[in-house]
Amino acid sequence: MLNPKHGIFPSRKVQNAVADLTTTFVGLNLRSPVIIGACPVSRRVESIQAAEEAGAGAIVIYSLFQEQIELETKEVDEALAVGSESYPEALTYFPKLEHAGPREHVMWVEKTRKCVKFPLIGSLNAYSVGSWVHYAKQLESAGCDALELNLYAVQTDPQKTASVVEQEALDVIASVKDAVSIPVAVKLSPFYTALANFASRVVEAGADGLVLFNRFYQPVIDVQTESLSVTINYSTPEEQRLPMRWIAILSAQLDVDFCASTGVHSGEDAAAYILAGAKAVQTASHVLKNGVQAIGRINSELSEWMDSKGYSCVKDFQGKLNSRSVSDPFVFERAHYINALLS
Ligand SMILES: Cc1cc2nc3c(=O)[nH]c(=O)nc-3n(C[C@H](O)[C@H](O)[C@H](O)COP(=O)(O)O)c2cc1C
């Protein structure tokens, strides 16, 4: 499916490269599989323009949080400015400056839309169905080409069962799909007891794509001051292993697009995820550390790797090492764990 408004790029090659990096994700045409994940890069129009110029396939705009919308509904927007303690995790993500509320967020997307041509993916961080579904439609009207739903929530209620938690998430997905006509990707956490089953129900609920995985920020205890702090630490390439395994397993079973998130710091990292079955990859830590120009380097490295392997396009190697394609699918499962421990 082609998005009629945006994201239609001719099949062109990244500068100085022979290989064709174009790909698709949830029906969007991307000139590169490397997407900038939801993070503060998307808080400045200049950075978004620079990301487009650097060759990013698309950008996910930082999330609009359910808590922001609920706070607005209760007319306590000021609570954000003074630092509500109810949602410390979410607050670390909040833009502190001029566009803190949901309406400002939508206006911000509208403004951004006018400045760039590559696909914009709006992000909603929601864990239960609510008035924020209205904002899914608003983000669509503002010019988002797709939505990414981040289902992150820390489930601390001992009375709440896994099936209730999962059903809430599925209801969120179904309600957003009902509300919008643009594609909807779901950014999952790895922390489900039966991830394969839940992922398949997410697809049944209407998800057009799965983004594996969200990465969490856990509070740290400073033993000197004996206090808690929430610090954001950047990912390392080693953290790819968990999403890689699951992309390899799930992409062999589910008829949906996969996008990798976590630990993409080089063209080889992107190549590895695509070999596992991803159609696109997201990077946040690397561009936060090195600037959006780093996207150009990742593209060149990916392209050079493809040239060295004789791959002329992404499809040539996408999914080549998923669990259906490898000769020993158990490498992703328990048998090799036992082998590794015993050797
Ligand atoms: C500073 C920062 C802010 C982030 N904000 C969001 C956000 O608003 N919404 C979201 O879904 N993920 C957010 N993330 C998570 C990233 O999109 C990504 O999933 C995660 O960092 C793993 O990718 P990486 O290894 O490339 O960093 C944020 C990450 C960082 C480092």
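Order of appearance sets the numbers: ligands from 1, and atoms from 1 within every ligand.
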Report yes if some N/O of Y62 lies less than 3.5 Å from some N/O of ligand 1; otherwise report no.
no
In Å and rounded to the nearest 0.5 Å, what is the OG to CD1 distance from S32 to I295?
7.0 Å
Can you find an N/O atom of N150 closer than 3.5 Å to an N/O atom of ligand 1?
yes
Residues two or more places apart in sequence or in another chain: which of them pass side-chain contact (heavy atoms from CB on, under 4.5 Å) with A174?
none
Heteroatom proximity flag, A284 to ligand 1, N/O under 3.5 Å:
yes
So is there a nitrogen or oxygen of K187 less than 3.5 Å from a nitrogen or oxygen in ligand 1?
yes
Between F191 and F216, does the ring pair (Phe, Tyr, Trp, His ring centres under 6.0 Å) criterion hold? Intermediate values first, please.
CA-CA 11 Å; F191 304 122; F216 303 113; 5.6 Å; yes
As a check for students: among A260, P243, S63, G37, identify the option with a heavy atom nearest to atom 9 (N) of ligand 1.
S63
Contacts of S325 meeting side-chain contact (heavy atoms from CB on, under 4.5 Å) (sequence neighbours excluded), chain-then-number -> N322
Under 3.5 Å between some N or O of ligand 1 and some N or O of H286?
no
Taking 4.0 angstrom as the limit, do K114 and E110 come out as a salt bridge?
no
Restricting to heavy atoms, the pick from G263, P40, S42, A38 nearest atom 15 (C) of ligand 1 would be A38
Polar contacts were defined as any N/O atom of the residue lying under 3.5 Å from an N/O atom of the ligand; does this apply to S235 and ligand 1?
yes
Which atoms of ligand 1 are found less than 4.0 Å from any heavy atom of S261?
18 (C), 19 (O), 22 (C), 23 (O)
State plainly whether the residues D145 and R113 are in salt-bridge range, i.e. N to O under 4.0 Å.
yes
Going by the order shown, which atoms of ligand 1 are within less than 4.0 Å of some heavy atom of L288?
1 (C), 31 (C)
